[in-house]
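Proteins get letters first, then strands, A, B, ... in listed order; numbering begins at 1 in each.
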Amino acid sequence: MFWSKIFLPTLKDSPQDAEVISHQLMLRAGMIRKVTSGIYTWLPLGLRVLKKIENIVREEMDASGAQEVLMPMVQPRELWEETKRWEKMGPELLRFQDRHDRDFCLGPTHEEVITDLVRNNVKSYKELPLNLYQIQTKFRDEIRPRYGVMRGREFLMKDSYSFNIDKDSLNESYLLMKETYKKIIERLGLEYKIVKADSGAIGGDASEEFHVLAENGEDTIAVSDSSEFAINTELLLGEGEDINSLQGKPSPDGTGTIEIRKGIEIGHIFQLGEIYADAMNANVLDHEGKSQTIFMGCYGIGISRLVAAAIEQNNDDKGIIWPEIIAPFEVNIIAIGFGKDKMIAQAAIDIYDKLSSMGYEVILDDRNDGFGTKMKDAELIGIPINIIIGKQYTEKNEIELRHRDGQSSIGMIDDIETIFEYFKKENN
RNA sequence: CGGGGUAUGGCGCAGUCUGGUAGCGCACUCGCUUUGGGAGCGAGUGGUCGUAAGUUCGAAUCUUACUACCCCGACCA
């Protein structure tokens, strides 16, 4: 991709209504634009990151044996009445009528639709366990959307639902999802905690949240300073107790003391048990030919929220510092004087072609701007590796390789071939 | 929904107190010169000042109502 061709409107100044760093940087780096409160358009650069995270999630879900489906965003009232949630849900459930005055809602979650699907099509315990997932836009009319895509009303989510013949099998599916979530977040290179949680309004038995640790996180969690233990502070507080009073107390798991941290909830896994299947008559025949209520689990990951969370954890005063695996491009070639100096332009294009053919995702900054402008933009959008071709190339045959993280800067390299050698090594 | 705040060109802002018909920086367009840390000179484009009503000879500015957006809180599979 050539910089002069990509739709990438970067901003020098941070828009006034962006408070947290990830929101500011996503706007400044030309990743998103707001349409209305809590609702955003993803621009090419942001979409690249979103898709990368989506694909990592998809790969790990597929590897776990789950199967992808795609359910509708618009759902009929009747299904929601079966679980009594048409009444129970508040205004966060966006309702509307079609031309025949039938009631519908925009799906904030899909227990009803998936349970309906399974009860109509799965009849035997032999077809279980079954784990179906989708990656889809959800809509929740949040009381107060905030922090850009971190808490939007419309957002991209991976939600999956497991169907099991009994509690033990459900537990197995649950643990498999827990492992899968760990793999996903570890691949994304994010620091996280698994937090014991209240299973909340959705009901059910076991429930754990996955939190990416970040200063601007909306949730407060209590972590042990010397073990993996973490728990939602709500579960520890007594009547009228202050969150800060927990700091320094002995950890409930008996190891170390409590440390209060801020987290962004990017995943939540539940053992629903029989609640939904019971309400919706989702049964299968067991090996004795008896009808059994299906045990369900549900597992969510906020894909769009992960984009913001990754930025919250990886930035400096200059901009975003993408973990390589989700960077919108892997290499940025900064050609100074691209439109003027044919030798530089040719070298830049050669490197671009070669790296592209080696399988790298490359962007070439071919704009007629000075070094400063290009470097500032490069730092803002946070591409891991920058190759800088300028006067030193025409004069001394030298090219600079600069890592965005500033910790592994390569410096001047004495010819183009050496660069390809470097990238071959990188690849292995 | 309670509390606080904002609304002037794509972005950041001044002008509002003290009414006189809109300005600055950046961005954008054209030309020339530039190109290793957000370039320079010259010439341009772009705004019913959130909406509506009112006061006034005259409203971005004063009054009233409304709307949108942001922050804090309550809420959140």
Is it true that, when you exclude A/Glu87 itself, more than 12 heavy atoms of the residues, nucleotides or ligands shown sit nearer than 6.0 Å to its CD?
yes
Partner nucleotide, any strand, of B/rC13 [Watson-Crick/G-U, under 3.5 Å]
B/rG23
Which base sits across from B/rA74 as a Watson-Crick or G-U pair, both distances under 3.5 Å?
none
Heavy-atom protein contacts under 4.0 Å, nucleotides 6-15 of chain B, coded B base, S sugar-phosphate only, - none
-----BSS--
If you check the A/Gln392 side chain, which of B/rC71, B/rG36, B/rG38 turns out closest?
B/rG36
May I ask you to decide if the ring planes of A/Tyr174 and A/Tyr299 are parallel, tilted or perpendicular, using 30° and 60° as cut-offs?
tilted
Taking 4.0 Å as the cut-off, does a side-chain nitrogen or oxygen of A/Thr373 come that near to OP1 or OP2 on B/rA39?
yes
Identity of whatever pairs with B/rA60 - Watson-Crick or G-U, under 3.5 angstrom:
none
Looking at B/rG46, which nucleotide sits across from it as a Watson-Crick or G-U wobble partner, both distances under 3.5 angstrom, or is there none?
none
Would you call A/Lys183 and A/Glu186 a salt bridge, using N to O less than 4.0 angstrom?
no
Rounding to an integer number of Å, can you tell me how far A/Arg367 CZ sits from B/rA27 P?
12 Å
Are OP1 or OP2 of B/rC70 and a side-chain N or O of A/Ser37 less than 4.0 angstrom apart?
yes
Which nucleotide wins on minimum distance to the side chain of A/Asp377, given the candidates B/rU35, B/rG38, B/rA68?
B/rG38
Which one is paired to B/rU18, where only Watson-Crick or G-U wobble pairs with both distances under 3.5 angstrom count?
none
What is the base-pairing partner of B/rC32, counting Watson-Crick and G-U wobble geometry with both distances under 3.5 Å?
B/rG40
Could you measure between the two P atoms, the one in B/rC13 and the one in B/rG50, and give it in whole Å?
15 Å
